[in-house]
Amino acid sequence: MESGSVTCRRPPGKLISYELGGCVVEGSPERDGGRPMSELRRSLLEISPEELGAWVVDRGHRPYHARQVFRWIFERRAEAFEGMSDIPKRLRDELGLAWTVFSTRVALHGVATDGTDKLLLECGDGRRVECVLMAEGDRRTVCISTQVGCGMGCVFCASGLKGVERNLTRGEIVEQVVRLRNLLPEGERLTNLVVMGMGESLANLDNLVAGLDRICSNEGLGMGQRRVTISTVGLPDKMRKLAAMDRSYNLAVSLHAPTEALRDRLVPINAKVGLREVVDAADEYFRRSGRRVTFEYVMIRGVNDGLAEAKALADLLEAKKAHANLIPYNPVPGLPFERPSAEAVRRFEGVLKARGLSVSVRKTKGREIDAACGQLRRRTAAVGSPGDL
Ligand code: SAH
């Protein structure tokens, strides 16, 4: 197997550390971290079947081998070329010299007692990103990141504490999904994808849509676009651009406050874009895509969880065919914010429901593995990865 593919998922509730020797590492040091070779090779997830087809033909092989290779990766979960038994040996060798399947390695794999898996992936440049797999009933949902760090600076969030380092490539976006899918038992499929990990999704719109389109294509995982939700802090221009792309992805907008003044405090970018503009752009997204927009509202004790805010939020959303998702705050060590009481959440939800709004309250999963965005990467900074400097 290549680049530290995950082979151990136990014991639950612990972080399995490859670096700290907590788990058997398969493969050579070159494959699993030293990577002098892989620096020269690109991941196949960065290119399309057509591009690989042209590459294959250039080397005197039949073009259909390109589709076979991708079928091995997306359908048959291959993580290296050696095992692709119906690909000619010479082509497999050539592929192995020029390409890799994955470009990251698994730095940490955490498994929570509720079955949530979290991967901390180290990119080719040593930077690290997080992604999560959650199981709930028949649902198998992955949550992925779009940037290393985040430039939005929401005051309560761990991801933005050190700003943004770079956008993830489309291959790195696809890779998170494929790696998490490969953790599922044979025969199980992913049912949902949420772009709610590290980074501002729409600040990396082109790579994100290229990656998601790949995942949703028949040459990818064949997932329905309607099973995908993109969460944004609310960048109106980018929301309109996404609307004009005519996809069926769901949009979730991180509102977190019903008034300009409160939103300016919690979501600093609001001072530039304005709550009104964000809500207008969300309306346009709904009009063009026909997809009902979700407004996310992180509830923070004593900050935005009162009845006055609930009523103001109901006023703002009442006339819309929108959905409100209340997210009880997940405390971040070092930040002065607290989770609201269960009673405050219930009351807030009650106000919105009484006004006829569609509301849900998000359950927290994987708390003991720091599954909230940016938290694991931050905690493991102590391990001394270049990506966290
Ligand atoms: N940049 C995108 C994706 C961020 S993460 C966005 O802003 O939507 C997805 C959601 O988790 C956002 O609504 C974000 O505000 C929220 N979030 C961030 N930190 C959190 C925390 N500690 N507890 C609960 N929700 C949090």
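In listed order, ligands and their atoms are each counted from 1.
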request  = With atom 3 (C) of ligand 1 as the reference point, say which of Cys154, Ser159, Gly160, Gly199 has the nearest heavy atom.
outcome  = Gly199
message = Within the structure provided, determine whether Val106 and Glu122 are in side-chain contact (heavy-atom separation under 4.5 Å).
response = no
task = Please say whether Ser201 places an N or O atom under 3.5 Å from an N or O atom belonging to ligand 1.
result = no
note = So SG of Cys143 and CE of Met134: to nearest 0.5 Å the spacing works out to 5.5 Å
query = At a 4.0 Å threshold, what atoms of ligand 1 neighbour a non-hydrogen atom of Met196?
reply = 5 (S), 9 (C)
Which of the ligand 1 atoms, numbered from 1, are nearer than 4.0 Å to a heavy atom of Gly197 = 4 (C), 5 (S)
ask   = Measuring from Asp264:CG to Leu275:CG, what's the distance to the nearest 0.5 Å?
value = 9.0 Å
Partner set under side-chain hydrogen bond (donor to acceptor under 3.5 Å, both in side chains) for Gln147, not counting sequence neighbours = Asn167
key: Proximal candidate to atom 10 (C) of ligand 1 [heavy atom criterion; set Arg339, Glu296, Glu200]   = Glu296
task = Check ligand 1 against Thr232 and write out every atom of the ligand that is under 4.0 Å from a heavy-atom position of the residue.
result = 6 (C), 7 (O), 8 (O)
task = List every atom of ligand 1 that sits less than 4.0 Å from any heavy atom of Ser254, numbering the atoms from 1 in the order shown and giving each element.
result = 6 (C), 7 (O), 8 (O), 12 (C), 13 (O)
query = At a 4.0 Å threshold, what atoms of ligand 1 neighbour a non-hydrogen atom of Ile327?
reply = 24 (C), 25 (N)
inquiry  = Need the ligand 1 atom indices (1-based, order shown) with element for anything under 4.0 Å from a heavy-atom of Cys157.
reply    = 18 (C), 19 (N)
message = Suppose we screen for salt bridge (Lys or Arg N to Asp or Glu O under 4.0 Å). Which residues come up paired with Arg301, at least two apart in sequence or across chains?
response = Glu338
Atom indices of ligand 1, in the order listed, that fall short of 4.0 Å to a heavy atom of His256 = 13 (O), 14 (C), 15 (O)
message = Any carboxylate oxygen within less than 4.0 angstrom of a Lys/Arg side-chain nitrogen, looking at Arg247 and Asp213?
response = yes
query = Does NZ or CZ of Arg214 fall inside the cone over Phe70's six-membered ring, less than 6.0 Å from its centre and within 45° of the axis?
reply = yes
ask   = What part of Val298 sits under 4.0 Å from ligand 1 if we count only heavy atoms: the side chain, the backbone, both or neither?
value = side chain
Numbered atoms and elements of ligand 1 in range of Val332, under 4.0 angstrom, heavy atoms = 22 (N)
key: Interatomic spacing from CG in Leu95 to NE2 in His61 - rounded to 0.5 Å   = 7.5 Å
